[in-house]
2 protein chains.
Amino acid sequence: MAKLDVRNLGEYIRQQRNSAQISLRQLAKSAGVSNPYLSQIERGLRKPSAEILQQIAKALRISAEALYVQAGILDERYGDSDVPSAVMGDEALTERQKQVLLEIYESFRRENDESPAEPATPAETGSRARAARAAREPRKTSTTG
Amino acid sequence: MAKLDVRNLGEYIRQQRNSAQISLRQLAKSAGVSNPYLSQIERGLRKPSAEILQQIAKALRISAEALYVQAGILDERYGDSDVPSAVMGDEALTERQKQVLLEIYESFRRENDESPAEPATPAETGSRARAARAAREPRKTSTTG
DNA sequence: GCTGAGTGCTTGCAATAGTTAGCAATGGCG
DNA sequence: CGCCATTGCTAACTATTGCAAGCACTCAGC
């Protein structure tokens with residue numbers, strides 16, 4: 001359990017608490033956790049569960065996802081875009097389709113990090129049709145897994 | 001800790017495992033968790049931490065977030081129509097990339113409307129790699145899984 | 001028949017999460 | 001000054017997670 005680095009989490013929580021100008025005990029009470037435990041969390045002595053993080057986030061009026069990111073439960077990609085969350089939450093997609101979409105999304109973002117300009121080229125038009133077809137056809141492939 | 005409803009999580013993991021056609025021991029081994037514990041998780045007797053969920057998800061080749069949703073760590077509040085708006089609102093993507101993503105997304109959904117909730121098969125793993133490659137290198141024409 | 005490999009589960013236990021009771025320090029007020 | 005309220009933390013404890021050792025069962029091969 002100590003494998004995850006939670007030092008940032010505690011500092012982050014204390015920081016948010018100080019910004020909100022509430023005491024440790026007040027936050028613990030409104031979060032529904034014991035104040036010694038919150039103290040331990042802030043000092044990095046404990047690694048709280050996601051449920052505790054939810055409670056703390058709610059009491060701090062911040063998103064639980066922000067604390068998950070700090071705790072290493074969620075990747076930082078959830079901090080700055082709604083696309084991954086929306087894709088993951090879409091029940092009309094299979095898990096594999098979600099993975100495919102997210103990987104395409106991330107490769108797009110990597111592209112744009114390297115060349116931020118956004119010229120539309122005919123090559124990209126072709127990639128559009130090709131990507132759609134490729135995603136549809138592999139179902140017919142024989143399984144060797 | 002027992003406040004979160006984790007019955008769906010265990011069924012979901014077993015379902016994904018069966019779809020992947022691997023035994024409980026095989027999954028436990030590749031996930032790096034003990035097989036009795038995985039058995040307990042699948043039967044809903046234990047509520048695993050996010051770190052364990054990460055390990056299981058990785059071994060199942062699905063996203064950790066999918067398991068977080070099942071475990072109640074992430075909300076399903078993202079809804080089933082958040083993807084288009086999230087994609088369109090993502091400023092890190094070009095307009096063309098947004099179109100590509102949305103068209104793939106919509107073709108996925110059409111697929112699932114015709115044959116709903118097909119369980120993930122190892123064949124779809126190949127589709128993931130192929131679709132990602134096609135999107136990244138649109139000038140290549142050869143697509144052999 | 002037996003043996004070996006694989007299967008999922010039982011049981012007991014160690015480690016860690018999270019709580020309770022209480023301490024020491026600080027600040028405000030009479 | 002003393003008293004009270006608030007503060008964050010300590011130490012002991014309880015509850016739960018996650019693991020190791022092993023069981024009972026199935027199946028295939030001899």
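In what follows, chains carry the letters A, B, and so on, assigned in the order in which the sequence lines appear, proteins first and then strands, with residues in each chain numbered from 1. Any value given below was found using the heavy atoms of this structure, including those in side chains, with hydrogens, waters and symmetry copies removed.
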Under 3.5 Å, is there a donor on one side chain and an acceptor on the other for Q54(B) and Y68(B)?
yes
Which whole-number value in Å describes the distance from L27(B) CG to dG6(C) C1'?
16 Å
CG of N35(A) versus P of dT7(D): gap in Å, rounded?
10 Å
Looking at S39(A) and N35(A), would you say the former's side chain and the latter's main chain have a donor-acceptor pair under 3.5 Å?
no
I need the CD-P distance between E51(A) and dT19(C), as an integer number of Å.
10 Å
I want to verify a distance call: between dA17(C), dT7(D), dC19(D), whose nearest atom is closest to the Y37(B) side chain?
dC19(D)
Let me spell it out: for each of S23(B) and R43(B), pick the nucleotide of DNA chain C with the closest heavy atom. Which residue's pick is nearer the 5' end?
S23(B)
Round to a whole Å and report the spacing from CD of Q40(A) to P of dT20(C).
13 Å
Residue whose nearest DNA chain C nucleotide is more 5′ - Q26(B) or P36(B):
Q26(B)
Over how many whole Å does the gap from R46(B) atom CZ to dC9(C) atom P extend?
14 Å
Are OP1 or OP2 of dT10(C) and a side-chain N or O of S39(B) less than 4.0 angstrom apart?
no
Send over the distance from L24(A) CG to dT7(D) P, rounded to a whole Å.
9 Å
To the nearest Å, how far apart are L45(B) CG and dT16(D) P?
13 Å
For dG18(C), does OP1 or OP2 lie under 4.0 Å from any side-chain N or O of S34(A)?
no
In whole angstrom, what separates L53(B)'s CG from dG18(D)'s C1'?
13 Å
Salt bridge check: are K98(A) and E65(B) linked by an N-O gap of less than 4.0 Å?
no
Decide, yes or no, whether a salt bridge links R17(B) with E42(B) under the criterion of side-chain N to carboxylate O below 4.0 Å.
yes
